[in-house]
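Note: hydrogens, waters and symmetry copies are ignored here, and every other heavy atom, side chains too, is used.
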Amino acid sequence: MGEYLLEIQDLKTYFKVRAGKVRAVDGVSFAIKPGEKLGVVGESGCGKSVTALSIMRLLPQPPGEIAGGSVLFEDQELLDLPESAMRKIRGGKIGMIFQDPMTCLNPTMTVGKQIGEALRIHLKLSQNEAQKRAISLLEQVGIPAASERINSYPHQFSGGMRQRVVIAIALACNPKLLIADEPTTALDVTVQAQILDLINGVCSEFGTAVILITHDLGVVAGMTDRIVVMYAGKVVETATTDELFVNPRHPYTLGLLSSVPRVDEVRHSQLRTIEGAPPDLLSPPSGCPFMPRCAFARAICRTMPPLEALTGQADHLKACWVDVTDSKEQAYAEKRRQTRIEKMLAATNSHAASSQSVAEEK
């Protein structure tokens with residue numbers, strides 16, 4: 001086997017709709033080593049979950065279509081495998097934690113049967129052996145009285161407990177790769193921390209590689225080794241976690257980091273936001289997809305920049321023509337931000353005045 005456990009090259013996943021093709025994933029490339037923890041971050045709708053479902057080949061076809069690219073797992077091309085072979089990999093070698101535990105658990109089956117199903121299929125355990133292993137897994141993920149709760153149904157568990165059951169199913173066969181697709185989205189902050197500690201601890205114990213998909217940079221900060229930043233179905237920056245937080249080099253990454261409040265800084269101004277919205281992937285722009293929202297944008301940005309390594313930093317790649325660390329570029333961007341803010345305030349005041357005038361006339 002090569003250096004990487006999973007290697008994705010130029011993956012393209014489209015959805016056929018009446019109006020055309022939605023380019024949900026458009027040329028994504030990244031890789032993960034055995035035992036490595038990789039974070040995939042970005043706004044909702046940027047292609048993170050579709051990338052994960054493409055790896056697992058769980059997209060409904062139609063309307064989904066993997067239009068091109070390569071997904072190598074242990075040097076085996078997953079996109080060419082027959083469905084029978086993929087079933088052996090799903091749950092056996094690659095586990096997945098889905099966003100909503102309530103919709104991915106069968107409400108008509110006890111949690112014990114759902115965990116045991118994977119154990120019997122992949123590990124060929126007997127029913128008694130599968131039940132003992134299922135109880136052990138429930139204890140491992142922190143569910144109290146596991147021997148009794150194993151006969152409970154999903155609706156008898158809280159949201160956090162259901163997520164623990166989903167984690168137990170994903171880790172049941174000791175997979176080599178775990179894909180966690182926003183595993184803490186619907187949970188409160190305290191339970192989020194418990195779930196993340198659980199995933200981190202169990203995967204570290206067994207040497208399981210992790211792809212953690214999230215829109216929360218705080219989640220990946222202390223849990224991952226590397227981060228891939230996605231926008232509009234593309235990878236715009238990738239680096240080690242420490243490097244990305246200390247030295248972000250793409251305007252979108254800067255925007256994501258600036259929009260997160262920090263407790264170690266004195267608040268002196270309003271929290272910055274990324275103005276605008278992601279582009280329509282049915283007809284994406286020909287150049288950099290972030291250009292309409294980018295304060296650093298120049299004429300050259302009408303041409304899509306390649307994802308290239310920084311000078312002298314082979315493990316830090318960005319897809320941007322502009323050097324965001326240059327003082328002149330920073331001054332230019334700040335001036336554009338202020339101009340936009342002034343225009344927005346003027347438009348807001350004009351609308352308010354117009355509304356007041358209409359109200360007075362009535």
Could you see if I89 belongs to whatever hydrophobic cluster contains M96? Use Ile, Leu, Val, Met, Phe, Trp, Tyr and a side-chain cutoff under 4.5 Å. yes
Side-chain contact, heavy-atom cut-off 4.5 Å: R23 with K12? no
Does the side chain of P144 come within less than 4.5 Å of M161's, by heavy atoms? yes
Shared hydrophobic cluster, I66 / F30 (ILVMFWY, side-chain heavy atoms < 4.5 Å): yes
Is there a path of hydrophobic side-chain contacts, each under 4.5 Å between heavy atoms of I/L/V/M/F/W/Y residues, joining W321 to Y252? no
Between D225 and L38, is a side-chain contact (heavy atoms from CB on, under 4.5 Å) present by the stated rule, with each step listed? CA-CA 6 Å; D225 303 312; L38 176 72; over 6 Å; no
Give a yes or no on whether the backbone of H316 and the side-chain of E243 come within a donor-acceptor separation of less than 3.5 Å. no
Working note: M223 + L196, criterion side-chain contact (heavy atoms from CB on, under 4.5 Å); need CA distance, chi angles, decisive distance, verdict. CA-CA 8 Å; M223 188 171 170; L196 291 173; 3.8 Å; yes
Identify whether L307 and M304 are in the same connected component of the hydrophobic contact network (ILVMFWY, side-chain heavy atoms under 4.5 Å). no
Which value, rounded to the nearest 0.5 Å, describes the distance between S29 atom OG and Q9 atom CD? 4.5 Å
Under the side chain to side chain donor-acceptor pair (under 3.5 Å) rule, collect the residues that match up with S283, sequence neighbours excluded. none
For the residue pair H155 and Y153, does the interplanar ring angle fall in the parallel (under 30°), tilted (30 to 60°) or perpendicular (over 60°) class? parallel
With rounding to the nearest 0.5 Å, note down the distance linking CZ in R133 to CG in L125. 8.5 Å
Using 0.5 Å steps for rounding, measure from the CG atom of L59 to the CD atom of E65. 11.0 Å
Look only at the side chain of E7 and the backbone of I32, and say whether a donor-acceptor pair between them is shorter than 3.5 Å. no
Under a 4.5 Å cut-off applied to non-hydrogen side-chain atoms, are T253 and F245 in contact? no
Any side-chain donor near an acceptor of the partner, E334 and Q330, under 3.5 Å: no
Which heavy-atom pair separates V235 from M230 by the least distance, and what is that distance? CG2-CG, 4.3 Å
Side chain proximity check, L217 to V219, heavy atoms < 4.5 angstrom: no
Given 3.5 Å as the limit, does a donor-acceptor pair link the side chain of R162 with the main chain of Q156, or not? no
Will you find, in the side chains of E77 and S70, an N or O donor that is under 3.5 Å from an N or O acceptor? yes
Qualifying residues under side-chain contact (heavy atoms from CB on, under 4.5 Å), relative to F206, sequence neighbours excluded: Q140, N174, V202, T208
Would you say the side chains of D181 and S49 form a donor-acceptor pair under 3.5 Å? yes
Contacts of type side chain to side chain donor-acceptor pair (under 3.5 Å), residue K16, not counting sequence neighbours: none
In short, Y14 meets V25 closest at the heavy-atom pair CE2-O, 3.7 Å
Checking E139 side chain against A146 main chain: does a donor-acceptor pair fall under 3.5 Å? no
Show your reasoning for whether side-chain contact (heavy atoms from CB on, under 4.5 Å) applies to L177 and K93. CA-CA 7 Å; L177 173 64; K93 292 185 177 182; over 6 Å; no
Heavy-atom check, side chain of I199 versus side chain of I97, under 4.5 Å: yes
Quick one: does K318's side chain get under 4.5 Å of L310's, heavy atoms only? yes
Rounded to the nearest 0.5 Å, the CG atom of N247 sits from the CG atom of D242 at a distance of 12.0 Å
Taking the side chain as C-beta and beyond, is there a heavy-atom pair between T13 and S54 under 4.5 Å? yes
Do S126 and E129 have side-chain atoms, one donor and one acceptor, less than 3.5 Å apart? yes
Worked verdict on D75 versus Y4 for side-chain hydrogen bond (donor to acceptor under 3.5 Å, both in side chains): CA-CA 8 Å; D75 294 333; Y4 296 107; over 6 Å; no
Pairs meeting criterion side chain to side chain donor-acceptor pair (under 3.5 Å) with involvement of residues 195-207, two or more places apart: K37-S204
Presence of salt bridge, K33 and E3, under 4.0 angstrom: yes
Can R164 and L198 be said to form a side-chain contact (heavy atoms from CB on, under 4.5 Å), step by step? CA-CA 9 Å; R164 291 172 189 269; L198 173 62; 4.1 Å; yes
So with a 6.0 Å cut-off around CD of E148, is the heavy-atom count from everything else above 12? no
Show me the donor-acceptor pairs, under 3.5 Å and distance only, between side chains in residues 288-299 and residues at least two apart or in other chains.
{"residue": "R293", "atom": "NE", "partner": "E275", "partner atom": "O", "Å": "2.8"}
{"residue": "R293", "atom": "NH1", "partner": "E43", "partner atom": "OE1", "Å": "3.0"}
{"residue": "R293", "atom": "NH1", "partner": "Y231", "partner atom": "OH", "Å": "3.2"}
{"residue": "R293", "atom": "NH2", "partner": "E43", "partner atom": "OE2", "Å": "3.3"}
{"residue": "R293", "atom": "NH2", "partner": "I274", "partner atom": "O", "Å": "3.3"}
{"residue": "R293", "atom": "NH2", "partner": "G276", "partner atom": "O", "Å": "3.3"}
{"residue": "R298", "atom": "NE", "partner": "E329", "partner atom": "OE1", "Å": "3.4"}
{"residue": "R298", "atom": "NH2", "partner": "E329", "partner atom": "OE1", "Å": "3.1"}

side-chain contact (heavy atoms from CB on, under 4.5 Å) against N106, all qualifying residues, sequence neighbours excluded: T108, M109, Q114
Assess the residue pair T214 and E182 against the criterion (side-chain hydrogen bond (donor to acceptor under 3.5 Å, both in side chains)); give the C-alpha distance rounded to whole Å, side-chain angles, the decisive distance to 0.1 Å, and a yes or no. CA-CA 5 Å; T214 181; E182 301 197 29; 5.6 Å; no
Donor-acceptor check, side chain of R90 to backbone of R57, threshold 3.5 angstrom: yes or no? yes
What's the spacing between C173 SG and I115 CD1 if we round to 0.5 Å? 11.0 Å
Note: R226-D315 ion pair, threshold 4.0 Å (strictly below): no
Quick check against the 3.5 Å criterion: does T238 have a side-chain atom that pairs as donor or acceptor with the backbone of I227? yes
Can you tell me if H122 uses its side chain to pair, donor with acceptor, with the backbone of G91 under 3.5 Å? no
Does T241 use its side chain to pair, donor to acceptor, with the backbone of T224 at less than 3.5 Å? yes
So if you build clusters from Ile, Leu, Val, Met, Phe, Trp, Tyr with side-chain heavy-atom gaps below 4.5 Å, do L281 and F15 land together? yes
Check whether any side-chain heavy atom of L79 lies under 4.5 Å from a side-chain heavy atom of L81, and answer yes or no. no
